[in-house]
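Just follow the structure's listing: the first ligand is 1, and inside any ligand the first atom is 1. Scope of the values below: all heavy atoms of this structure, side chains included, with no hydrogens, waters or symmetry mates.
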Amino acid sequence: MDEVRAVIGLSKCVKTGKLYGIRFEPQGNDWIMTWAFPLSEKAAAGEKYDRLTISGRFFTGEEYPGCPYCGNRYFFYCCGHLNCYDGHSKTSTCQWCNWSGELGGNVDRIDITSNI
Ligand SMILES: [Zn+2]
Ligand SMILES: [Zn+2]
């Protein structure tokens, strides 16, 4: 079995534009979101983050607290970044590149920015 370790993905809240971290833990071939915590832009800029691709299916863990700013329990992926997502809106706006439009498709791999 491969070494199991969690990764932290950087995400932004679609309601506030604020930054937070999502912890993903591997479970078999899937990834479970287990924790989210607020991050300041300053703190994130001061640390070294690596780009990393994780693939599989992504699930929200039962204990996952949701976006620390608005409580959204899901994410959508755009331009190599994560945004919080309520799980049912048809459209949204990416807080990283300002893309706005219809959400669709399944995510089976994401490039995340991780400091682990
Ligand atoms: Zn949010
Ligand atoms: Zn984007």
Side-chain angles (χ1 to χ4, degrees):
M1 195 168 163
D2 288 347
E3 186 191 346
V4 175
R5 56 177 195 166
V7 298
I8 305 293
L10 295 186
S11 182
K12 277 187 179 175
C13 174
V14 293
K15 298 204 172 126
T16 64
K18 288 186 181 170
L19 195 67
Y20 66 100
I22 301 176
R23 190 172 73 204
F24 292 91
E25 287 181 21
Q27 195 168 100
N29 293 321
D30 304 324
W31 292 87
I32 316 289
M33 292 154 69
T34 56
W35 187 243
F37 52 92
L39 276 174
S40 74
E41 301 261 355
K42 233 177 155 182
E47 290 186 40
K48 190 180 179 300
Y49 287 92
D50 292 326
R51 298 292 292 173
L52 178 80
T53 301
I54 60 177
S55 57
R57 290 178 301 170
F58 301 93
F59 296 104
T60 302
E62 268 174 43
E63 309 286 314
Y64 183 66
C67 170
Y69 307 110
C70 73
N72 276 347
R73 293 182 55 76
Y74 304 92
F75 70 85
F76 74 91
Y77 180 60
C78 172
C79 67
H81 294 102
L82 304 172
N83 296 266
C84 76
Y85 175 55
D86 59 17
H88 54 78
S89 293
K90 293 266 191 299
T91 60
S92 197
T93 301
C94 175
Q95 299 302 304
W96 301 81
C97 70
N98 277 325
W99 171 88
S100 191
E102 216 166 301
L103 302 173
N106 284 326
V107 176
D108 59 7
R109 62 188 288 130
I110 56 177
D111 289 317
I112 61 170
T113 305
S114 174
N115 67 342
I116 295 182

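For Y69, the side-chain hydrogen bond (donor to acceptor under 3.5 Å, both in side chains) criterion is met by no residue, not counting sequence neighbours. Shown here are the side-chain hydrogen bond (donor to acceptor under 3.5 Å, both in side chains) partners of T34, two or more places apart in sequence or in another chain: R23, E25. Legend: residues meeting side chain to side chain contact (heavy atoms under 4.5 Å, CB included) with Q27, ordered by chain and number and at least two apart, are I32.
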- [ ] Apply the test side-chain contact (heavy atoms from CB on, under 4.5 Å) to residues I110 and I54: give CA-CA distance (whole Å), side-chain angles for both, the deciding distance (0.1 Å), then the verdict.
- [x] CA-CA 6 Å; I110 56 177; I54 60 177; 3.6 Å; yes
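An angle of 100° is found at the Zn ion (ligand 1) between C13 atom SG and C67 atom SG, rounded to 10°. Put simply, the angle at the Zn ion (ligand 1) from SG in C70 to SG in C84 is close to 100°, to the nearest 10°.
In this structure, OG1 on T60 lies 8.5 Å from CD1 on I22, to the nearest 0.5 angstrom. Atoms OG1 and CD, on T16 and Q95 in that order, are 7.5 Å from each other to the nearest 0.5 Å.
Aromatic ring pairs are classed by plane angle as parallel below 30°, tilted from 30° to 60° and perpendicular above 60°; the pair Y85 and Y74 is perpendicular.
Distances shorter than 2.8 Å separate the Zn ion (ligand 2) from the protein N/O/S atoms C78 SG, C79 SG, C94 SG, C97 SG.
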